[in-house]
Amino acid sequence: MDERQLALIQRLSDGCAHSGEAIARDVGLTRAAVWKTLRKTADEFGLELLSERGRGYRLATPLELLDAGRIRATLSDAGRKRLSRLDIHPVIDSTNRELMRLAAEGAPSGGVCLAERQTAGRGRRGREWVSPFGVNVYLSLLWRYPFAPSNLGGASLAIGAVLAEVLSELDIEGVALKWPNDLLWQRRKLAGLLLEVAGESQGPCHLVVGLGLNLRMTAGQGSAIDQPWASLEEALYGVMIERNVLVACLLEALLEALDRYGREGLAPFLPLWRAHDAYLGEPVRLLIGERVIEGIHAGVAEDGSLLLDTPDGRCAFQAGEVSLRPLETEHS
Ligand code: BTN
């Protein structure tokens, strides 16, 4: 995205009609070039552009673009102290990748990278994270620890638990956690976390936490997602929270949690995780590579592993993908 395209989107982000003449004057283009550039930008970024006779151009849906000033101003003093940098990219390959790169160059704890769109958003298990422009949250944070990477085994549950709590405090009812850290709403995926770790085997190490949270993605924009998904707009029944305020609330809680995890580990976060457990007591299936294990979901152990009651007794698992076991169909 070039500066001009970004300026055009910023100009139209309010959802009001803007005349071609006024846009041309402000952005320094001819009127014909305005139309061409707008059309190209809208196509490239999946935005619905309307042209209204005698009034000009407008976006079908207004956009609230990310604004570093607004985010910083919403953070508490403690939150601002923990934040060492706040980068906002209109377009990037992956915010996790960018922060891992900055970490390798020596960036300190508290680095944050946000994007309006990702062209190579990374999900867990090598999946793609669908990342259309301006409608969701793509956020990564960097934190450094003096200890070995093996101590970060519980971090993904701790972060998931904190996120579920932030969303519940924003009056989003029914947010639940699927082990280890998927956020569900009405059993559909609302947000995902990708944790990436690097460092010396005996420490120190650093962690990049990547959060993708669906806000107001349309069915068309999310059509490539291969599992049931939900958006925050749905979960809030249409009453949308300001996007920059939401990002500030998430950052505030995540930065504090990363700091606390370094001092106290997983233990203080476990009650929160358990309070949001999506499948407790339900029949589930755990996929570990080619292996399928069936059992009753018995919650999480103190070290964060998944507990399943199987015909062989209660077993703990450190990895795998959980899904609800479909009800047996009855044959007459
Ligand atoms: C999952 O598969 O559930 C994890 C998805 C994580 C997506 C986020 S979006 C911001 C950050 N940058 C990435 O490339 N991935 C994570």
Side-chain angles (χ1 to χ4, degrees), residues 46 66 71 85-104 107 111-143 152 155-164 166-167 175-185 187-198 206-217 221-222 224-232 243 246-248 250-251 253-255 257-258 273 276 278-279 286-287 304 306 319-323:
L66 295 168
I71 295 170
R85 65 189 292 158
L86 175 58
D87 299 337
I88 297 180
H89 298 266
V91 183
I92 199 166
D93 50 0
S94 151
T95 54
N96 259 37
R97 193 173 159 180
E98 169 71 0
L99 219 41
M100 285 300 276
R101 196 182 59 71
L102 290 172
V112 169
C113 179
L114 282 152
E116 295 289 6
R117 176 187 183 218
Q118 296 184 117
T119 52
R122 309 209 280 227
R124 291 174 62 220
R125 302 175 185 283
R127 291 192 182 119
E128 179 205 353
W129 188 258
V130 173
S131 309
F133 187 90
V135 286
N136 293 327
V137 171
Y138 318 116
L139 161 67
S140 299
L141 306 95
L142 165 68
W143 207 263
L152 287 172
S156 84
L157 273 85
I159 303 297
V162 165
L163 276 175
V166 172
L167 297 181
V175 174
L177 282 161
K178 185 179 94 162
W179 188 86
N181 59 20
D182 276 358
L183 276 116
L184 306 183
W185 184 76
R187 308 231 143 158
R188 288 176 282 140
K189 186 149 166 173
L190 181 62
L193 284 162
L194 177 69
L195 274 65
E196 299 189 68
V197 184
H206 60 262
L207 169 69
V208 167
V209 173
L211 164 69
L213 168 63
N214 301 330
L215 284 194
R216 54 192 326 178
M217 183 161 57
Q221 288 169 320
I225 303 176
D226 61 358
Q227 57 183 316
W229 59 272
S231 71
L232 208 63
R243 190 160 167 249
L246 171 70
V247 167
L250 294 168
L251 277 182
L254 290 173
L255 289 166
L258 288 169
W273 202 100
H276 292 281
Y279 296 159
L286 181 70
L287 206 67
L306 170 74
E321 183 148 17
V322 182
S323 59

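Counting convention: from 1, in listed order, for ligands and their atoms alike.
Across V135 and L215, no two heavy atoms sit closer than the pair O-CB, 2.9 Å.
Here R117 pairs with nothing under the side chain to side chain donor-acceptor pair (under 3.5 Å) rule; sequence neighbours left out. Remark: F133 pairs with F45 by the ring-ring contact (aromatic ring centres under 6.0 Å, His included) rule, at least two apart or across chains. Residues that satisfy the side-chain contact (heavy atoms from CB on, under 4.5 Å) test with A198, not counting sequence neighbours, are M100, H206.
Remark: of the listed residues L152, V209, V208, V209 is the sole one forming a side chain to side chain contact (heavy atoms under 4.5 Å, CB included) with L195.
Protein residues are said to neighbour a ligand when one of their heavy atoms lies under 4.0 Å from it; for ligand 1 these are S94, T95, N96, Q118, G121, R122, G123, R124, W129, Y138, L139, S140, D182, K189, G192, L193, L194, G210, L211, G212.
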List the steps, then state whether side chain to side chain contact (heavy atoms under 4.5 Å, CB included) holds for W185 with L232. CA-CA 9 Å; W185 184 76; L232 208 63; over 6 Å; no

